[in-house]
Amino acid sequence: MPELRRVPVNGVELNVALAGSGPAVLLLHGFPHTWELWTDVMADLSGRHRVIAPDLRGFGASGPAASGYDAGTLAEDAEALLTTLGVSSAAVVGIDAGATPAFLLALRRPGLVRRLVVMESLLGALPGAEEFLAGGPPWWFGFHSAAPGLAETVLEGHEADYVDWFLRAGTLGDGVRPELRDAFVRAYTGRQALSRAFSYYRALPESAAQIEQAVATARLTVPTMALGARPVGDALERQLRPVTDDLTGHAIEDCGHIIPLHRPRALLALLRPFLAGEDAQAA
């Protein structure tokens, strides 16, 4: 089992799971997940890596925050976490809500981020996702970011049913193990927990502006891997292609959105050699 530690960074206390030793790998989860999204990945990678998996600010067991759910601040949280833990160089892996801060961190701090893996997310309004967005963004984006308090009012008392929908949809109907399902439900139960989670969606316009500004003045120079499944597919790779110097893209077949839990072996089969390339460079 990973060690759980409370780490104060950037004005918030993060709940962080730590395991293994070796070159550092930072894992950033999405919605509606916690660090436990990475359970299977951590068990494998910790044999050769120091694996660091926080709950994002306001999510899971991390401390509440009144603000800072934009991608730029989440990237600053990640950088401060690595600094506090004494990590001078790390591979960074992000999915869903964790992908945009991972991207911004790698763009801003290429000396800190040796390799970047992003999956199943969109990077603001960057070109490349037009086909994916042809029918409009996923329905829950609008619901979560509607009038403040509306989604919380509707969902309070029904959190388990709501989380279950995402877990089933994100695994093409397979669902996740009961202990993980229960952990995710606990993390998103209660009006305040919901409000913090939805603050990420309400900050998406600010995050999109941060991404647009960042790529206007810099390119992504670190080796990057973009992974797609269903529903995002290759949209993320298409967004990255014009702004990235060294990009590899893969689609994981018969896999839902929650790649680390739905197809962990397929994910690890791609991660291991990608991270081995990092090790060879660092040697």
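Aromatic ring pairs are classed by plane angle as parallel below 30°, tilted from 30° to 60° and perpendicular above 60°; the pair Phe59 and Tyr69 is tilted. Relative orientation of the His144 and Tyr162 rings is perpendicular, given thresholds of 30° and 60° on the angle between their planes. Classification of the His33-His257 ring pair by plane angle, with boundaries at 30° and 60°, yields tilted.
Other residues, nucleotides and ligands contribute at most 12 non-hydrogen atoms within 6.0 Å of the CZ atom of Arg238. Annotation for Arg181: atom CZ counts as buried by contact number, over 12 foreign heavy atoms lying within 6.0 Å.
A distance-only check finds no donor-acceptor pair linking the side chain of Ser195 to the backbone of Arg191 [under 3.5 Å]. A donor-acceptor distance shorter than 3.5 angstrom exists from the side chain of Thr153 to the backbone of Gly149, with no hydrogens or angles considered. Under a 3.5 Å cut-off, the side chain of His49 and the backbone N or O of Pro23 do form a donor-acceptor pair. Listed for the Glu159 side chain is a donor-acceptor partner under 3.5 Å among the backbone atoms of Gly190. A donor-acceptor contact shorter than 3.5 Å links the side chain of Ser207 to the backbone of Ala71.
A distance of 5.0 Å separates CG of Leu18 from CZ of Arg5, quoted to the nearest 0.5 Å.
Of the charged side-chain nitrogens involved, none lies within less than 4.0 Å of a carboxylate oxygen, so that Arg186 and Glu179 do not count as a salt-bridged pair. A salt bridge is defined here as a Lys NZ or Arg NE, NH1 or NH2 lying under 4.0 Å from an Asp or Glu carboxylate O, and Asp174 with Arg168 fails to meet this definition. A salt bridge links Arg272 with Asp44: at least one charged nitrogen is closer than 4.0 Å to a carboxylate oxygen. Between Arg177 and Asp40 there is a salt bridge, with a side-chain nitrogen of the basic residue lying less than 4.0 Å from a carboxylate oxygen of the acidic one.
At a threshold of 4.5 Å between non-hydrogen side-chain atoms, the residues Ile95 and Trp38 count as touching.
Remark: Arg115 is positioned above the aromatic ring of Phe274, its terminal NZ or CZ atom under 6.0 angstrom from the ring centre and at most 45 degrees off the axis.
Listed here is the closest heavy atom pair of Val222 and Ala106: CG2-CB, 4.0 Å.
For Phe184 and Phe166, the ring centers sit 6.0 Å or farther from each other.
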